[in-house]
Every structure is written in C-alpha cells, then in structure tokens.
Q: 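Here it is, the structure in full.
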Amino acid sequence: MGVNVHVERNHDTIPGLTIGQLGGPMYELVNLVTRVLNETGEILIDMGYPNLGALVVEALKEGAKAKPSPDGSQELEAVLERLVRAIPSFRDMADVDGHPLFLIHAIAIRFSSISPPPFPLPKTTQTPVFTDNVLPSMLIHLGVLDLSASPELASLFPGAGSAEKLEPLLKSYSGSESPIKVVSQEGPIVTTNQAYVLRAAAIDACELIVETAHSLATVSDDGSLSWLKELTLPELDMWIWAIAKDRPDYRQLGRFAMKGTVFF
C-alpha cells in the first residue's frame, strides 16, 4: 500500500540506540485490509473461483433468474444475498439494543463503454445510500439529523445544526474560489452501537429527502422543480459525497470515526 507501518523509539537500556517496530497510525488499517484480502482469497480458492470477479458474475446471473420486480429490488437482493453469504467482509450488520441492523451495501459495478453489458445487471435506482461516516456526519452538520434528543449521541457533535453554524453552511457556493488545501477537523470516536445508529439514521433521512423531493416536484406552477421527480437515492448519495469533498467549508467539517472496522 506504500504507507509506513513502522515507528522508531529509543532503546530502553542502551543510550543512543534507536529501534524500529511495527506501529503507527496506519498499522491498524493495513492489518485490517490484509486480513480481509487474505480471508477473501482463501474463501474464493475453497469455492473454486479464480478471483472475486468470477463470483460477482455468477451472483449477477443468479440475480437475473430471480422473480422480476418493477424496481429491480428482487434481482438486487438475490445478488447481494449471494455475495454476503459467501464473503464475511460484506456482512455489515450489528445488534443494537436487541434490534438487528443490516447495512448491506449494493456493489457499484461499471463496465466502461461496454453496451450492452456482458452479463445482466440489476436496477439500482432504489438502492439505499452508501452510509459510511461521511453521509451521517454531513447530515448532522447540515441540521438534517438532530441528535439532541438522544443522551447517547447528543454530545458527539457539539453545536452542529445550530443556527449560528448552519448559516454559513447553507450559503450558496459558486465553486469559483481558488482551490485551498483543507484539512478536516477531527471528529468524535464512536462505539459500534453509535456508528450503526448514526448510519441507519442517515439511510432513513435520505429516504425521506427523496420522498419529499418527489412531492415538491408538482408544487411549482412553472415546472421549475419538475426535475425533483426523477431524483434517486444513488444520485442524492453522490451529490452529498461531492459537496462534502468539493466545498472547502464542508470538507473541513469533522467526520466521526470508528476503530477496527473495514466497512468505512
């Protein structure tokens, strides 16, 4: 991965001697990625697949055999079930206060300019948003998710969503400003339960945003909002991600972090 996973420290008993050992801020991440790659490779070999792509292709073909539905959800669920059952690292789920939460993400597949694609692809317009740590954090900063009523979450983002902090964030952005290198502020470290609750809340919030957008499409007499009728969850997902990266004031907003996870 081209990152440094060693740290240097002074020897405990020999003055002037510096020794190197495994560690540093990237060491945990490298270990997590290495474990996932090795585990996935072993599973693929045991199942007789030459690579992950071969498993995905088979899953797509199985999805095409599922009972069709207007929005493509049945086909997509069949694909996801095949992949999740095979690869443990796709099992993004947890038990929160006795309630199971499943945040399984659809896998984005692109085939350049190949048309038609070499194998069947399910519709993804109704796919839930990809909820990592960016989406929920942005929705909190922009006042969409209100944590004030939750004793467990209220203190994670002090002042987020307040009128004082919202006013500059809701101003229009032309994108003409000179690019500035912006470092994100350090966000809170959350527990597993907190992370899953926040991520699940982001999924629900985005569903409501799209639902509201569709209802607003017919409000204006001049048809200026008619484009909202076509808004999909994946498009909303990509837009939030884009502004979180492109606007300097949004880019510096802190995102929460969770240790020991491979899902984001």
Q: Do Leu208 and Leu139 land in one hydrophobic cluster if side-chain heavy atoms of ILVMFWY residues count as linked below 4.5 Å?
A: no
Q: What's the separation between atom CG in Asp249 and atom CG in Leu253, rounded to the nearest 0.5 Å?
A: 7.0 Å
Q: Side chain to side chain contact (heavy atoms under 4.5 Å, CB included), that's the test. Do Val79 and Leu83 meet it? Break it down for me.
A: CA-CA 6 Å; Val79 174; Leu83 297 176; 4.2 Å; yes
Q: Rounded to the nearest 0.5 Å, what's the gap from CG on Asn10 to OG1 on Thr18? Could you check?
A: 5.0 Å
Q: Can you give me the closest heavy-atom contact between Phe90 and Phe263, atom names plus distance?
A: C-CE2, 4.3 Å
Q: Locate the shortest heavy-atom distance separating Val129 from Ala202; write the atom from each residue and the value.
A: CG2-O, 4.3 Å
Q: State yes or no: do Val134 and Val262 share one hydrophobic cluster built from I, L, V, M, F, W and Y residues joined by side-chain heavy-atom distances below 4.5 Å, directly or via other members?
A: yes
Q: Just by distance, with hydrogens left out, do His11 and Thr13 show a side-chain donor and acceptor under 3.5 Å apart?
A: yes
Q: If we only count heavy atoms from C-beta on, is the Val30 to Tyr27 side-chain gap below 4.5 Å?
A: no
Q: Given side chains that start at C-beta, do those of Arg82 and Leu55 come closer than 4.5 Å, heavy atoms only?
A: yes
Q: Answer yes or no: is there a side-chain heavy-atom contact under 4.5 Å between Arg9 and Ile19?
A: yes
Q: Indicate yes or no for a side-chain donor-acceptor contact from Ser150 to the backbone of Leu147 under 3.5 Å, with no hydrogens or angles considered.
A: no
Q: Identify the heavy atoms of Ala217 and Lys229 that sit nearest to each other, and give their distance.
A: CB-N, 3.6 Å
Q: Could you state the interatomic distance from OG1 (Thr40) to OH (Tyr49), rounded to the nearest 0.5 Å?
A: 14.0 Å
Q: List the steps, then state whether salt bridge (charged side-chain N to carboxylate O under 4.0 Å, His left out) holds for Asp92 with Arg199.
A: CA-CA 11 Å; Asp92 190 359; Arg199 296 168 65 208; 2.4 Å; yes
Q: Keeping Tyr250 on the side-chain end and Leu169 on the backbone end, is there a donor-acceptor pair under 3.5 Å?
A: yes
Q: Less than 4.0 angstrom from a charged side-chain N to a carboxylate O is my criterion; do Glu81 and Arg85 meet it?
A: yes
Q: Rounded to the nearest 0.5 Å, how far apart are CG of Leu153 and CG of Asn193?
A: 10.0 Å
Q: Starting from Ile189, can I reach Phe157 by hopping between I/L/V/M/F/W/Y residues whose side chains sit under 4.5 Å apart?
A: no
Q: Could you tell me if the side chain of Asp146 sits less than 4.5 Å from the side chain of Ile140, heavy atoms only?
A: no
Q: Would you compute the distance between atom SG of Cys206 and atom CG of Leu145 and round it to the nearest 0.5 angstrom?
A: 8.0 Å
Q: Where the side chain of Asp237 meets the backbone of Phe130, is there a donor-acceptor pair that is under 3.5 Å apart?
A: yes
Q: Do the side chains of Val197 and Glu152 get nearer than 4.5 Å, heavy atoms only?
A: no
Q: How far apart are the closest heavy atoms of Gly63 and Ala78, and which atoms are they?
A: CA-CB, 3.9 Å
Q: I'd like to know if the side chain of Gln194 reaches the main chain of Thr191, judged simply by a donor and an acceptor atom lying under 3.5 Å from each other, with no hydrogens or angles considered.
A: yes
Q: Between His141 (side chain only) and Gly254 (backbone N and O only), is there a donor and an acceptor less than 3.5 Å apart?
A: yes
Q: Is there side-chain contact between Gln21 and Val7, with at least one heavy-atom pair below 4.5 Å?
A: yes
Q: Does this structure show an ion pair linking Asp246 with Arg251, if we count only N-O contacts that are shorter than 4.0 Å?
A: no
Q: Could you tell me the separation between the CG atom of Leu135 and the CG atom of Leu198, rounded to the nearest 0.5 Å?
A: 12.0 Å
Q: What do the steps show when you test Leu233 against Glu207 for side chain to side chain contact (heavy atoms under 4.5 Å, CB included), and what is the final call?
A: CA-CA 7 Å; Leu233 285 165; Glu207 297 270 1; 3.6 Å; yes
Q: Counting only N and O atoms by type, is there a donor-acceptor contact under 3.5 Å from the side chain of Glu167 to the main-chain atoms of Glu164?
A: no
Q: Minimum heavy-atom separation for Phe256 and Ser137, please, with both atom names.
A: N-OG, 3.1 Å
Q: Any side-chain heavy atom of Pro88 within less than 4.5 Å of one from Ile43?
A: yes
Q: Between the main-chain N or O of Lys245 and the side-chain N or O of Arg247, is there a donor-acceptor pair closer than 3.5 Å?
A: no
Q: Does this structure show an ion pair linking Glu28 with Lys259, if we count only N-O contacts that are shorter than 4.0 Å?
A: no
Q: So which heavy atom on Val84 is nearest to which on Met93, and how close?
A: CG1-CE, 4.4 Å
Q: In the single-linkage hydrophobic clustering (I, L, V, M, F, W, Y; side-chain heavy atoms under 4.5 Å), do Leu22 and Leu37 co-cluster?
A: yes
Q: Any side-chain heavy atom of Leu44 within less than 4.5 Å of one from Pro50?
A: no
